[in-house]
There are 2 protein chains.
Amino acid sequence: MHPKLPSLTAIRAFETTARHLSVSQAAAELNVTHAAVSQQIRALEEWLGVKLMKRVGRSIALTESGAMYAAGLLNAFEGILDATKQVKAYNDTGPVNVTTTPTFASRWMVPRLNRFRAEYPDVAVRISPETELVDLAREDVDMGVRYGSGEWPGLVAERIIGGTLAPVCSPAYLAKAPPLEKPSDLLKHNLIDDSGPDEWSEWLRIMGVPDVHLDSRSFFTIKHLGHQAAVEGQGVFMGVVSLMESDLKAGRLVLPLGPGDEVPLDYYLVTREDVPLRTPAQQFREWILEEACRPPEED
Amino acid sequence: MHPKLPSLTAIRAFETTARHLSVSQAAAELNVTHAAVSQQIRALEEWLGVKLMKRVGRSIALTESGAMYAAGLLNAFEGILDATKQVKAYNDTGPVNVTTTPTFASRWMVPRLNRFRAEYPDVAVRISPETELVDLAREDVDMGVRYGSGEWPGLVAERIIGGTLAPVCSPAYLAKAPPLEKPSDLLKHNLIDDSGPDEWSEWLRIMGVPDVHLDSRSFFTIKHLGHQAAVEGQGVFMGVVSLMESDLKAGRLVLPLGPGDEVPLDYYLVTREDVPLRTPAQQFREWILEEACRPPEED
DNA sequence: GTTTAATGTAAGGTAAACTTACATATTTGC
DNA sequence: GCAAATATGTAAGTTTACCTTACATTAAAC
């Protein structure tokens with residue numbers, strides 16, 4: 001009995017040539033000579049009994065049958081390539097790459113990492129604090145931590161901690177500053193901002209202080225260090241309560257207005273829906289989700 | 001630079017083995033020895049740096065990675081197989097196979113086939129009159145002629161001729177039989193049927209003769225020869241007007257009640273939506289559609 | 001415990017695939 | 001319009017990837 005499939009080498013030679021519409025370029029891609037490719041195509045045509053390509057001037061073109069065949073094969077080879085990439089990625093034992101916001105990294109992740117290291121000494125983890133949102137489809141990223149509603153298309157989001165926002169300041173600042181008893185009082189204070197004015201105005205709008213026109217001069221704009229500026233008594237900072245627990249417990253910061261916002265934004269661990277996590281990343285994911293349930297500790 | 005893909009021979013060996021979960025069976029399918037397959041798998045595992053299969057007792061099983069990889073490859077190889085089958089089928093110059101109803105075949109198709117033969121002497125055509133509906137997905141069928149509404153999922157339907165139904169009988173029969181002036185008169189006649197009672201009762205219902213209880217004894221049931229029985233004066237036959245044109249013109253049959261039905265059923269040429277017609281079938285299709293527009297001729 | 005039926009490994013053989021070399025065809029440039 | 005440049009096509013010879021043969025290993029069956 002005849003085999004069901006022609007030589008795979010021939011099929012690949014044809015597919016590559018069809019993609020480039022050039023025997024020479026195909027040969028270059030396959031690291032062989034053009035003669036090899038040409039012969040493979042001829043063999044395939046003989047096996048099928050069908051002419052797949054024709055010479056047009058000094059280049060080549062697909063016949064109708066060839067175009068049909070190439071379309072099908074293109075798909076199939078892409079499938080093989082994808083599957084191969086996926087297995088290799090899945091078995092990559094390199095460091096787990098986690099992209100996250102700078103705040104979450106420094107206030108939540110880093111303080112706990114030593115516990116992970118103790119539990120899984122063989123798994124290397126690389127935390128990349130990124131100001132901008134990183135596309136998880138990037139090959140060098142295993143997972144991310146995002147602040148938002150938990151709805152991201154194509155991604156699986158698992159809640160880590162609440163994202164309740166509240167204004168905070170140091171006890172010293174509160175003592176010597178103007179009264180701060182209701183949200184609208186905030187307008188007379190130094191508002192520290194480390195990302196953009198949106199957080200403040202959004203929060204004020206929700207708390208019933210509408211039509212606030214905050215121009216950029218209303219702020220200390222200190223990139224990524226707003227929290228520290230608040231501790232040092234430079235003004236009022238808008239922060240995520242669950243990321244300031246240790247400062248609140250230690251009395252370095254206070255909540256003059258109490259936590260009261262209902263913005264439904266939280267911190268989520270996000271992973272790709274379509275690609276399975278490789279083993280070390282699975283371990284890190286499980287650890288994070290366990291850690292998220294753990295009650296906060298004294299420090 | 002390393003090639004992007006491992007040896008395709010190795011990939012196929014692995015895919016086949018994964019499908020059978022047996023090296024020996026895979027070897028049998030590939031027409032090689034088990035040792036060849038075993039070595040190919042080992043080579044693939046080394047190339048990937050990933051263990052894909054493990055020995056379990058005296059047979060083998062897939063590892064997690066192996067299962068993942070096999071699933072992707074299975075798809076891809078099926079794609080290659082399908083594409084290959086399709087090109088071969090597309091370029092098959094064997095006879096065009098047309099499945100159709102016996103009536104349409106004998107009354108419309110066969111009388112015109114000599115014209116097709118004259119136009120395309122190299123294209124062989126095989127008409128298969130089938131009482132039952134034939135699945136067009138069958139590999140040995142290029143197209144079909146079906147009687148119906150023109151709506152079939154997955155199929156392209158192109159109208160050939162109208163399917164208007166009407167009772168017919170021979171002039172001699174009409175002369176000596178009871179009067180036949182309105183539809184309800186039919187109940188006193190010999191009704192010839194060659195498929196089942198449905199056509200008659202459906203037609204009578206539409207023509208405003210409801211609640212007719214026709215039992216099988218009301219009929220001459222003469223399989224596939226009803227038309228001829230009518231010509232011979234044995235009773236009234238329910239036929240498709242456009243398939244009886246020559247008899248009507250020649251006076252062998254008459255329409256005692258005139259053509260009057262509005263059943264929206266016609267004869268359609270149907271082809272598969274997902275598979276392109278091979279060249280000879282394309283030619284036959286075009287010829288049929290041209291012929292459908294042609295005015296009827298004397299004979 | 002021997003037999004049987006599967007997979008794994010190593011050494012050597014062979015055919016498929018590749019390279020080299022030359023032929024052919026068409027576009028480009030002068 | 002002719003030579004040069006740039007493609008692809010074909011044939012003969014070489015290489016190497018793949019396969020076979022032969023034996024080892026393992027576990028289930030009897």
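These numbers come from a predicted model, not from an experiment. Quick note: numbers below take in every heavy atom, side chains included, and nothing from hydrogens, waters or symmetry partners.
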**Q** Any side-chain N or O of A:S7 below 4.0 angstrom from OP1/OP2 of C:dA17?
**A**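 For C:dA17, OP1 or OP2 has a side-chain N or O of A:S7 closer than 4.0 Å.
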**Q** Give a yes/no answer on whether the side chain of A:T33 brings an N or O atom under 4.0 Å of OP1 or OP2 in C:dT19.
**A** yes
**Q** Grab the CE-C1' distance between A:M53 and D:dA7 for me, whole Å please.
**A** 14 Å
**Q** Of the residues in residues 8-21 of chain A, which ones touch DNA chain D at a heavy-atom distance under 4.0 Å?
**A** none
**Q** B:R117: what forms a side chain to side chain donor-acceptor pair (under 3.5 Å) with it, not counting sequence neighbours?
**A** none
**Q** Confirm from the modelled atom types if A:Q39 and D:dT8 form a donor-acceptor pair under 3.5 Å, side chain to base only.
**A** no
**Q** Tell me whether B:R115 is salt-bridged to B:E119, with the criterion being a basic N under 4.0 Å from an acidic carboxylate O.
**A**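 B:E119 and B:R115: not salt-bridged.
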**Q** Can you name the residues that form a side chain to side chain donor-acceptor pair (under 3.5 Å) with A:D140, not counting sequence neighbours?
**A** A:R138
**Q** With a 4.0 Å limit, can you tell me whether B:R42 has a side-chain N or O closer than that to the phosphate oxygens OP1/OP2 of C:dT9?
**A**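 For C:dT9, OP1 or OP2 has a side-chain N or O of B:R42 closer than 4.0 Å.
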**Q** Respond yes when some side-chain nitrogen or oxygen of A:S24 is under 4.0 Å from OP1 or OP2 of D:dA7, and no when none is.
**A** no
**Q** Rounded off to whole Å, could you give me the CD-to-P distance for the B:Q40 and C:dA10 pair?
**A** 16 Å
**Q** Can you tell me how far P of D:dC19 sits from CG of B:N31, to the nearest Å?
**A** 11 Å
**Q** Show me the donor-acceptor pairs, under 3.5 Å and distance only, between side chains in residues 152-161 of chain B and residues at least two apart or in other chains.
**A**
from   : atom 1 : to     : atom 2 : distance (Å)
B:E158 : OE1    : B:R285 : NE     : 2.9
B:E158 : OE2    : B:R285 : NE     : 3.4
B:E158 : OE2    : B:R285 : NH2    : 2.8
B:R159 : NE     : B:D266 : OD2    : 3.1

**Q** Mind calculating the distance between CD (B:Q25) and C1' (C:dA5) to the nearest angstrom?
**A** 12 Å
**Q** Whole angstrom is fine here: how far is it from NZ in A:K51 over to P in D:dT8?
**A**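 Taking atom P of D:dT8 as the reference, NZ of A:K51 is at 14 Å.
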**Q** Between atom CD in B:E29 and atom P in D:dC19, what is the gap in whole Å?
**A** 14 Å
**Q** Treat primed atoms plus P, OP1 and OP2 as sugar-phosphate and everything else as base, then score nucleotides 22-30 of chain C 5' to 3': B for base contact with protein heavy atoms under 4.0 Å, S for sugar-phosphate contact only, - for none.
**A** ----BBS--
**Q** From the list C:dT20, D:dT20, D:dC18, which nucleotide is the closest neighbour of the side chain of A:A35?
**A**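 The nucleotide sitting nearest to the side chain is C:dT20.
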**Q** Check whether any side-chain nitrogen or oxygen of A:S38 sits under 4.0 Å from OP1 or OP2 of D:dT10, and answer yes or no.
**A** no
**Q** CG of B:L30 versus P of D:dC18: gap in Å, rounded?
**A**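 So the two atoms are 13 Å apart, to the nearest Å.
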**Q** Take the protein atom CD1 of B:I41 and the nucleotide atom C1' of C:dT9, then report the distance between them rounded to whole Å.
**A** 14 Å
**Q** Answer yes or no: does a side-chain N or O of B:S59 lie under 4.0 Å from OP1 or OP2 of C:dA5?
**A** no
**Q** Between side-chain atoms of residues 65-79 of chain B and protein atoms elsewhere (two or more places apart, or another chain), which donor-acceptor pairs fall under 3.5 Å?
**A**
from  : atom 1 : to    : atom 2 : distance (Å)
B:S65 : OG     : A:N91 : OD1    : 2.8
B:S65 : OG     : A:N91 : ND2    : 3.2
B:Y69 : OH     : A:T84 : OG1    : 2.8

**Q** Return the minimal non-hydrogen interatomic distance between A:Q40 and A:S7, and the atom names on each side.
**A**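 Heavy-atom minimum between the residues: OE1-OG, 4.1 Å.
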**Q** Specify the residue among A:V32 and B:S22 whose closest nucleotide of DNA chain C lies further upstream toward the 5′ end.
**A**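 Result: B:S22.
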**Q** Could you pull out all residues at least two apart from A:R12 that satisfy salt bridge (charged side-chain N to carboxylate O under 4.0 Å, His left out)?
**A**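 Not a single residue meets the salt bridge (charged side-chain N to carboxylate O under 4.0 Å, His left out) criterion with A:R12.
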**Q** Quick one: salt bridge (charged side-chain N to carboxylate O under 4.0 Å, His left out) partners of A:R42, sequence neighbours excluded?
**A**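 Scan of A:R42 (salt bridge (charged side-chain N to carboxylate O under 4.0 Å, His left out), adjacent residues dropped) gives none.
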**Q** If you compare all heavy atoms of B:M109 against all heavy atoms of B:I127, which two are closest, and at what distance to 0.1 Å?
**A** CG-CD1, 3.7 Å
**Q** State which residues pass ring pair (Phe, Tyr, Trp, His ring centres under 6.0 Å) with A:F284; sequence neighbours excluded, sorted by chain then number.
**A** A:F116, A:W287
